[in-house]
Every structure is written in structure tokens, then in C-alpha cells.
Amino acid sequence: MTPADLSGAVRAAVAQCLAAGDFGGAPPADVLIERAKNPEHGDYTTNIAMRLAKPAGRAARDVAAAIAARLAPVEGIARVEVAGPGFLNITLATASLGELARAIVSAGASYGHGDALAGQRINLEFVSANPTGPVHLGHTRWAALGDSLRRVLAATGAEVVAEHYINDFGAQIDKFAASLDAVARGREVAEDGYHGEYVVDVAKQVVDAHPDVLGLPEDQAVAVFTSVGYQLMVDAARTSLQRFRVEFDVWFSERSMHASGEVEAALELLREQGHVYDTDGAVWLRTTDFGDDRDRVLIRSNGEKTYLAADAAYYLDKRRRGFDRCIYLLGADHHGYIGRLRTIAACAGDDPDQTLDVLIGQLVRLVRDGHEVRLSKRAGTIVTLDDFVDLVGVDAGRYSLARWSADTPLTLDVAEITRSSNDNPVYYVQYAHARTCNAKRNAAELGIRLDVFRPELLDSPHESVLLAALGDFPSVVATAAELRAPHRVARYLEELAGSYHRWYDACRIIPSGDGEITDVNRTRAWLNDATRIVLANGLDLLGVSAPERM
RNA sequence: GCCCCCGUAGCUCAGUGGAUAGAGCAGUCGCCUUCUAAGCGAUUGGUCGCAGGUUCGAGUCCUGCCGGGGGUACCA
């Protein structure tokens, strides 16, 4: 019996109570089943009686007792107890709990996947690094988190398109091209230009590809540096991200919207909706209509369009492409964008609560030798995604970034990242997976096959704990998708790995020495395999490999 | 001034209104003649920043403070 089955059984018991007049009220929309934290509280617990007590006008313990009476006879349920202020503590029959192992093995790679978001088309935008420098550690956090979120959303049934926006229009790209031009000519780069080492490399690559560039008139040369340099930076970003196992379905160019007239059209649409006005020679969007503390400029008095204008066009473009929801993963330094994006959506006639999801992630700080390393693309003292992967590898890198909530300001110590040792939780989880594989190989060598399954033999407390943990996986994935919190998957895997290691330590899968192979061994091989599957499925959601040997 | 995030064990952090607040690391003490010791067990460690409020119940929700970080351009 899975937690979902149990939830259904409780709901049915409540319905019987209501029909029989045990207590009054409306049937609950949902019945939350939780794993009991304390083994004395059985396998599962629910607070449904306490939630129903008030509308029913009855004591919670009385309501609980009525539900318990109707729930206890259900097949697979061994015991139902009323406890504390009105909890229902449910103990499953050993065989009923153990049955989960077979269900997981037969579901395989699809175990944990669900359809809670089926039918939803989601646009997920993350990283969106400017094409004026390498992808750095700050972006890397969103790469790990965003790509895991993409996987989690897809596993929950959504149709997800991962998108990378390229800010290839405006002053920064111009400064970048000017910096390339200056470096190529051996001149000093402007104070507000780009000074990183990579600028020299890119300038050299442009000159190598276009040996005649320095002979062109200055403006034509800068045009070459702009287009070629831009392409090199985008390719570099794509390559770095791919190496980090992060793939985007769409790389969207800001410049293309300016060129196609899409930005103009977006401004027209906003104007038609009545949220645009002209003052002091500039064109403004009345964002204060939607809670902003001041209005924002769309077109500056010098005629240049601001980012906000392009952002509006981009949002409208996404909606035109049929996305029900647009998720943006932005750094905390962009949190002011929430209001503006919501305004854009509202001005376009959408309900921002329905179509927008702006996730604000706190910034990553990097500490080395006791003091902070500044992450600035322009200063040149940056840790890039490539540096990061070189130091810790893809698995440890992705995992160590994805296991924290986006709300947590993250302080990473270079020495700690560099140390690829066993105090990194990723190894703990991966080792558990490798162990399941090893146990599977050993069992197969001894001729233990998955032909006999007697779940009633999985009666050790360690087995109850492990089975209950395995049963949690689908709801963990669903919650991670709903809350856009993929770190929950990582935390869950750490807990599961712990339960597995403890079970492995206490319950032998293969007999010791020349011991006889019994149905206990065969049944435990199922449980081992079920654990292997869940660990592998979970690691896949994080984009981390599940090694068969370590 | 206004807005966002954070404040939980020595450190880094989990914790979708539930029971005695958890994990890893650090510290202390143990466990390899038997399936991987990248493992397991035991133990030490807490005014969940402070004060009110909401209710059967608050680390969690609300209000106000205190402390830290970030944002608040006709920058990108």
C-alpha cells in the first residue's frame, strides 16, 4: 500500500463516517498522509481528524475515533490508533508495506513521475548570461537549479521549454566590442570596458578568423568584433553549459526582437492598453498602477529603448508561443524586476499570479583563504563555470549547488569545493547507489533471482523505515515541482541513502559464508533493487550520475 | 525612506500549521575473519534573533522591533 493508496483509504473512511452521521461537515479536499517521525507512532500519521473537528463541532479525538473504527478493517492496515490531540497513527501490515518494493521495481525509471502538472506548458528561463563574458559561478547556481527544476517539472507531467535569453543589444555589447577592438590594436581598454583575460583570447580569435579586420575603418572593425565576438561568447557559453549537462531548448536573442520590430509592436500594444505616457521627452510605463513605487522608462529621451521595452516584447513573445506559465529564475540583484514583469503581464491583460513565476535566488559568495572573492565579469577576477567544473567535477558541482534552497545566501569555500572528499554529500548518495549495484551483482552471482517475493518477510524496523522512505519519493518530486524547489530532491536522497546504509548494515542481502539462500534473501534483493531505482531516478532529476561502481 | 531575502547546534544548512526541532561537518568513544569502512553505532551540543498576536497546536502564518545581505537609474 502506497501513501497515495492510504490517503484514498482514509478519504473513503471519512466519507463513510459522513454518510453514517458519525459527525457532520464536508468531505475534505485532500487528506495529508505523513510518515511518522517517531516509530512508536506507527508507519504513517494524519491530522485529518483535527482539521475536521472544528466544522463538525466535535472533539478531535472523537472524530479520530470514528474514522479509526472505519479504517481499521481495511485490508493491509494492521493498526489504527488515536493519539495526542487527535492524530491517527496508522501501522500497515508488514506485507502491505513491503509490497511497495515490487511496485517500484515494476515501475522502474518511471517511479516517482506523476501527472500533477499534465497539460501545462511552462517556459523556464534561467542563466541568461550576458554574451560579454564567460558563464561564472553566479550563473552556475541557476544552471544547476534551473536544469534540475526543468527535470522535476517534466517528471510531474509538464511540457517544459528551457530558455536562455541573450542580451545582445545595447551599451554593454557595444562596450564589449570596443574592448575587443582596443585589445586587438594593443591599445588601453576604456575604464568602463571589459578587462578580463578572456577579452584578449576572444580578440585574438576574432583576428585569427578575420585577419583583415584591423585594416578596416574603425566602425566596420567594431561591427566585426561585435558580431564575431558575440557568436564566440554564445558558443562558449553553450559549450560550458553542455559540459555541465545543462541544455537549453531555445537561445533567444534580444537583438532579433529589435530587428524584427517586435519591440515596437509590444510598445504599441502597451500603449493601446493605456499604460504608456510621454513625459520629458521619454516614454514611460505606468508601473505604479500595479504596485511599483515609481513609473519606469521604456524609451529614453535620446530615443534608445530600455531593457524593460525588450522584456515586455519578450514576455509577449512567450505568451504568443503558447506558454501557460513563464518561470524566471533571477538573482537577488534583479528582484526589482518582479514588479516590472508583473506589470508587463497585467498591462497585457494577463493575471500575473496565473502566468508568472519569478524565483529570486540569493547570490553566491565565494570565500578563499578567509576573504571574499568578488564575482565581477568586468574586473576579471572571476571563477567561471569551467573553473568550477575543473575543480570539483560536474557531479559534485551540480549537487553541491542544487542541494540548497534558492533563498539561502550561499557561501562556498574554495578549499571545500576543491576538496573532493567523502564529506561531500554527493558521494554519500552516489556511494549508496553504487552499493545497491554491487549488492545486486553479488546476489546475481549467487543465483539469487527476483522470482520469489514475500513482502511479509521484510519485518525489520530498518526495513519499515527504508520502505516508508521509498514510498515518499513521488510526493517529494511533486512537492519539489509545485514549490519550484529541486533541493528537496537532494535532501530526500540524502535521507534515503542513510536509511539504505543502515538497512544494509543490519540486514544481509546474501547469506554469510556458506549459508543457505532463503526467501528472505530473495525478497531483500527486491528491496535492494527498489532502492537502486529510486536513487537512480532521484539523481537523474538532479542531473548527477549514478555510478555502478565506486 | 521604500522593496526583497536571511537570522535554527561551534560551523554550513534542512524543516509545504502538528507530537520530544533535524542532518552533515567539527568534538568525544567504539565497530572491518562475513555482501564496498566513500559505511555503521554511541555520545556531546538549542532562549528556532526579540516582543506581541492568530488557534486545539507556531521554527512555520500576521504585526512591530533588532541584526546581516541585496535592491531601489532616462544603467545593463
Side-chain angles (χ1 to χ4, degrees), chain A residues 32 34 36-38 40-41 45-47 50-51 53-54 59-61 83-87 89 130 132 167 169-173 175 192 279-284 291-294 296-304 306-307 310 331-339 360-363 365 403-413 416 421-432 434-435 437-443 445-446 448 475 479-480 482-483 485 487-488 490-492 494-495 497-498 500-502 504-515 521 524 528 549-550:
Chain A
L32 187 67
E34 285 184 312
K37 288 171 191 141
N38 186 334
E40 290 170 18
H41 297 158
T45 181
T46 178
N47 64 355
M50 289 180 281
R51 288 173 49 196
K54 174 156 274 187
R61 286 189 65 102
F87 290 105
N89 291 338
N130 282 3
T132 52
N167 296 132
F169 184 86
Q172 290 306 318
I173 194 82
K175 282 179 189 169
D192 62 348
T279 295
D280 301 334
V283 178
W284 298 72
D292 206 345
D293 55 352
R294 52 170 301 161
R296 306 290 166 177
V297 171
L298 288 167
I299 303 176
R300 288 151 60 184
S301 51
N302 66 5
E304 288 177 19
T306 65
Y307 264 39
D333 52 341
H334 285 80
H335 94 266
Y337 265 44
I338 297 177
I360 294 302
Q362 298 302 304
L363 301 181
R365 297 193 316 139
R403 74 186 288 268
W404 279 287
S405 154
D407 285 337
T408 300
L410 199 51
T411 304
L412 296 177
D413 187 283
E416 238 168 72
S421 63
N422 50 9
D423 46 11
N424 189 335
V426 68
Y427 290 112
Y428 185 75
V429 176
Q430 286 186 312
Y431 181 67
R435 227 180 194 186
C437 293
N438 193 61
K440 188 179 169 74
R441 283 190 298 269
N442 292 336
E445 256 175 51
L446 278 182
I448 297 175
S475 70
T479 303
E482 180 194 338
L483 301 178
H487 75 278
R488 283 168 175 269
R491 300 292 173 157
Y492 164 80
E494 289 164 28
E495 189 196 326
Y500 174 73
H501 285 311
R502 286 185 282 277
Y504 179 93
D505 211 56
C507 301
R508 292 193 58 88
I509 299 161
I510 65 173
S512 57
D514 297 327
N521 303 115
R524 283 178 179 168
N528 179 73
R549 294 174 201 272
M550 287 176 77

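Given the structure is predicted, the values throughout are model-derived calculations rather than measurements. Chain letters run A, B, ... following the sequence lines, proteins first and then strands; every chain starts at 1. All values below were derived from every heavy atom in this structure, side-chain atoms included, with hydrogens, water molecules and symmetry-related copies excluded.
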The side chain of Glu40(A) is closest to which nucleotide in this list: rC74(B), rU12(B), rU20(B)? rU20(B)
Under-3.5 Å donor-acceptor pair between His501(A) side chain and rC40(B) base: no
Could you tell me whether the side-chain ring of His335(A) sits stacked on the base of rG71(B), using a centroid cut-off under 5.5 Å and a plane angle under 30°? no
Nucleotide nearest Thr408(A) (side chain, heavy atoms from C-beta), chosen from rG18(B), rA19(B), rC13(B): rC13(B)
Any side-chain N or O of Lys37(A) less than 4.0 Å from the OP1 or OP2 oxygen of rA19(B)? yes
Among the candidates rU16(B), rC74(B), rG15(B), find the nucleotide nearest to the side-chain atoms of Asp280(A). rC74(B)
If you compare every side-chain N and O of Arg294(A) against the phosphate oxygens of rC74(B) (OP1, OP2), does one of them come in below 4.0 Å? yes
So Cys507(A), base contact, sugar-phosphate only, or nothing? Heavy-atom distance under 4.0 Å. base
I need a per-nucleotide contact map over nucleotides 27-32 of chain B, read 5' to 3'. Cutoff is protein heavy atoms under 4.0 Å; write B for the base, S for backbone only, - otherwise. ------
Does a distance-only test, which skips hydrogens and angles, find a donor-acceptor pair under 3.5 Å between the side chain of Asp505(A) and the base of rA37(B)? no
Base of rC11(B) relative to its sugar, syn (within 90° of 0) or anti? anti
Can a side chain N or O of Lys54(A) be found less than 4.0 Å away from OP1 or OP2 on rU55(B)? no
Pairing partner of rC2(B), by Watson-Crick or G-U wobble and under 3.5 Å for both distances, is rG71(B)
Students often get this wrong, so: under 4.0 angstrom with heavy atoms, is His41(A) touching a base, only sugar-phosphate, or nothing? base
For rU16(B) and Arg488(A) - does any side-chain N or O of the residue sit under 4.0 Å from the phosphate oxygens OP1/OP2? yes
Phosphate oxygens OP1/OP2 of rG41(B): is one of them under 4.0 Å from a side-chain N or O of Tyr504(A)? no
Between Phe87(A) and rA19(B), do the rings stack, that is, sit under 5.5 Å apart with planes less than 30° off each other? yes
When you compare the side chain of Gln430(A) with that of Tyr427(A), does any pair of heavy atoms fall below 4.5 Å? yes
Considering every strand and a 4.0 Å limit on heavy-atom distances, what is the contact class for Ala434(A): base, sugar-phosphate, or nothing? base
C1'-based separation of rC74(B) from rG49(B) [nearest Å]: 41 Å
Nearest-angstrom distance, C1' atom, rG7(B) to rC48(B): 9 Å
So for Thr45(A) and rA19(B), does any side-chain atom that can act as donor or acceptor lie under 3.5 Å from a complementary atom in the base? yes
Output the single nucleotide from rC74(B), rC6(B), rU16(B) whose closest atom is nearest the side chain of Asp407(A). rC6(B)
Counting the atoms with a prime plus P, OP1 and OP2 as sugar-phosphate, which does Ala332(A) contact under 4.0 Å by heavy atoms, base, sugar-phosphate, or nothing? sugar-phosphate
rG15(B), OP1 or OP2 - any side-chain N/O from Arg491(A) closer than 4.0 Å? no
When rounded to the nearest Å, what value does the distance between P atoms of rG39(B) and rC25(B) take? 8 Å
If you check every side-chain atom of Met50(A), which of rG18(B), rC13(B), rC40(B) has the closest atom? rG18(B)
Check every strand shown and say whether Asn89(A) touches a base, only sugar-phosphate, or nothing at a heavy-atom separation below 4.0 Å. base
Counting the atoms with a prime plus P, OP1 and OP2 as sugar-phosphate, which does Asn47(A) contact under 4.0 Å by heavy atoms, base, sugar-phosphate, or nothing? base
P gap between rG59(B) and rG17(B), integer Å: 13 Å
Please confirm whether the shortest side-chain N or O distance from Arg435(A) to OP1 or OP2 of rA37(B) is below 4.0 Å. yes
Need one value for Arg508(A): base, sugar-phosphate or nothing, where a base atom within 4.0 Å counts as base even if backbone is also close, heavy atoms only. base
Considering only the P atoms, how many Å lie between rG68(B) and rC62(B), rounded to the nearest integer? 23 Å
Regarding Ala83(A), tell me which of base, sugar-phosphate or nothing describes its non-hydrogen contacts under 4.0 Å with the strands shown. base
Does the side chain of Arg300(A) get closer than 4.0 angstrom to OP1 or OP2 of rC75(B) through an N or O atom? yes
Taking atom P in both rA58(B) and rC5(B), compute the distance separating them and give it to the nearest angstrom. 24 Å
